[in-house]
Amino acid sequence: MKTTKEMIEVMEAYEDGAKIQKGIRERYYAYDWRDEKYPEWNWGSYSYRIKLEECKFQVGDMVVMRDYSDRFVDKSNISEIQEISDDGIVTLKGILLVRTEEHSISFVNRRYVNFNDVLWYWEFKMSDGWHKSQTRMTKAEAVAFVGEDVEIAPLYGLGFRLPQ
């Protein structure tokens, strides 16, 4: 049960146009959240909340903080999305360092970008050795440039740029 202040915050958000969800208890402390277009505010039988933001990432996506744009980056700055909970918590696991972090969906959506969507300099392993790209590209652009059979690696030390 929410406090009176929390209930008022949810109802005022609804009045201001926020989308609301009604929680139907499935098991102890767990709810099946459903969109509620016209809430009846039966706080004794249901729980209500402001609809959580959708996560723009999927489990398994590799992400990097957008703050690292134009800075030295190494593998310790890259994380994998491990879990996106129904309560709006995203669990990130470092790909190099064995550490996990938990953040809200809105924090992750604001602060992180998909590793594959940012612009990196790349190295390509050709028959005569490794060659460096002359321009920054996304991973898909790098693969399209040299083909799927060529081994590629981002040059982390040169950092990345955000696409315009």
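FYI, the numbering just counts along the sequence from 1.
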Other residues, nucleotides, ligands: >12 heavy atoms within 6.0 Å of [X] [atom1]:
X: K132; atom1: NZ; answer: yes
X: K125; atom1: NZ; answer: no
X: K19; atom1: NZ; answer: no

Supply the atom-to-atom distance [X] [atom1] to [Y] [atom2], rounded to the nearest 0.5 angstrom.
X: I152; Y: M137; atom1: CD1; atom2: CE; value: 8.5 Å
X: Q82; Y: T91; atom1: CD; atom2: OG1; value: 8.0 Å
X: E9; Y: D16; atom1: CD; atom2: CG; value: 12.0 Å
X: D117; Y: K56; atom1: CG; atom2: NZ; value: 9.0 Å
X: E123; Y: W130; atom1: CD; atom2: CH2; value: 6.0 Å
X: I95; Y: K75; atom1: CD1; atom2: NZ; value: 6.0 Å

>> For residues 91-119, which residue pairs pass the ring pair (Phe, Tyr, Trp, His ring centres under 6.0 Å) check, not counting sequence neighbours?
In response: H103-F107, F115-W120
> Which pairs count as ring pair (Phe, Tyr, Trp, His ring centres under 6.0 Å) when at least one residue sits in residues 47-81, sequence neighbours excluded?
Replying inline: W41-Y48, W43-Y48
>> Before you tell me yes or no, could you show the steps for S104 and V90 under side chain to side chain contact (heavy atoms under 4.5 Å, CB included), namely the whole-Å CA-CA distance, both residues' side-chain angles and the distance that decides it to 0.1 Å?
In response: CA-CA 6 Å; S104 69; V90 178; over 6 Å; no
>> For Q58, is there any backbone N or O sitting under 3.5 Å from a side-chain donor or acceptor partner on D61?
In response: yes
Atom pairs and distances, side-chain donor-acceptor, residues 156-164, under 3.5 Å, sequence neighbours left out:
residue : atom : partner : partner atom : Å
R161    : NE   : D70     : OD1          : 2.4

Can you give me the closest heavy-atom contact between [X] and [Y], atom names plus distance?
X: W33; Y: S47; value: CZ3-O, 3.6 Å
X: N116; Y: N114; value: N-OD1, 2.9 Å
X: R110; Y: R66; value: O-NE, 3.0 Å

>> Using side chain to side chain contact (heavy atoms under 4.5 Å, CB included), reason through E36 and Q21 one step at a time and then give a plain yes or no.
In response: CA-CA 5 Å; E36 188 74 3; Q21 291 183 311; 5.9 Å; no
Transitive ILVMFWY side-chain link [X] to [Y], under 4.5 Å:
X: L119; Y: I78; value: no
X: V113; Y: M65; value: yes
X: V73; Y: L96; value: no
X: I89; Y: L92; value: no
X: V59; Y: L52; value: no

Donor-acceptor contacts under 3.5 Å from residues 141-151 side chains, at least two apart:
residue : atom : partner : partner atom : Å
E141    : OE1  : T138    : N            : 2.9
E141    : OE1  : T138    : OG1          : 3.4

>> Would L155 and W122 count as a side chain to side chain contact (heavy atoms under 4.5 Å, CB included) here? Give the steps.
In response: CA-CA 6 Å; L155 293 169; W122 295 87; over 6 Å; no
> Is any NZ, NE, NH1 or NH2 atom of the basic residue among K37 and D35 found under 4.0 Å from an Asp or Glu carboxylate oxygen of the other?
Replying inline: no
>> Between R99 and E101, does any side-chain N to carboxylate O distance fall below 4.0 Å?
In response: yes
>> side chain to side chain contact (heavy atoms under 4.5 Å, CB included), that's the test. Do I81 and M62 meet it? Break it down for me.
In response: CA-CA 6 Å; I81 304 287; M62 306 305 278; over 6 Å; no
> Under the side chain to side chain contact (heavy atoms under 4.5 Å, CB included) test, which residues partner E53, sequence neighbours left out?
Replying inline: I105, S106, N109
>> For I8, give me all partners under side chain to side chain contact (heavy atoms under 4.5 Å, CB included), at least two apart in sequence or on another chain.
In response: T4, E12
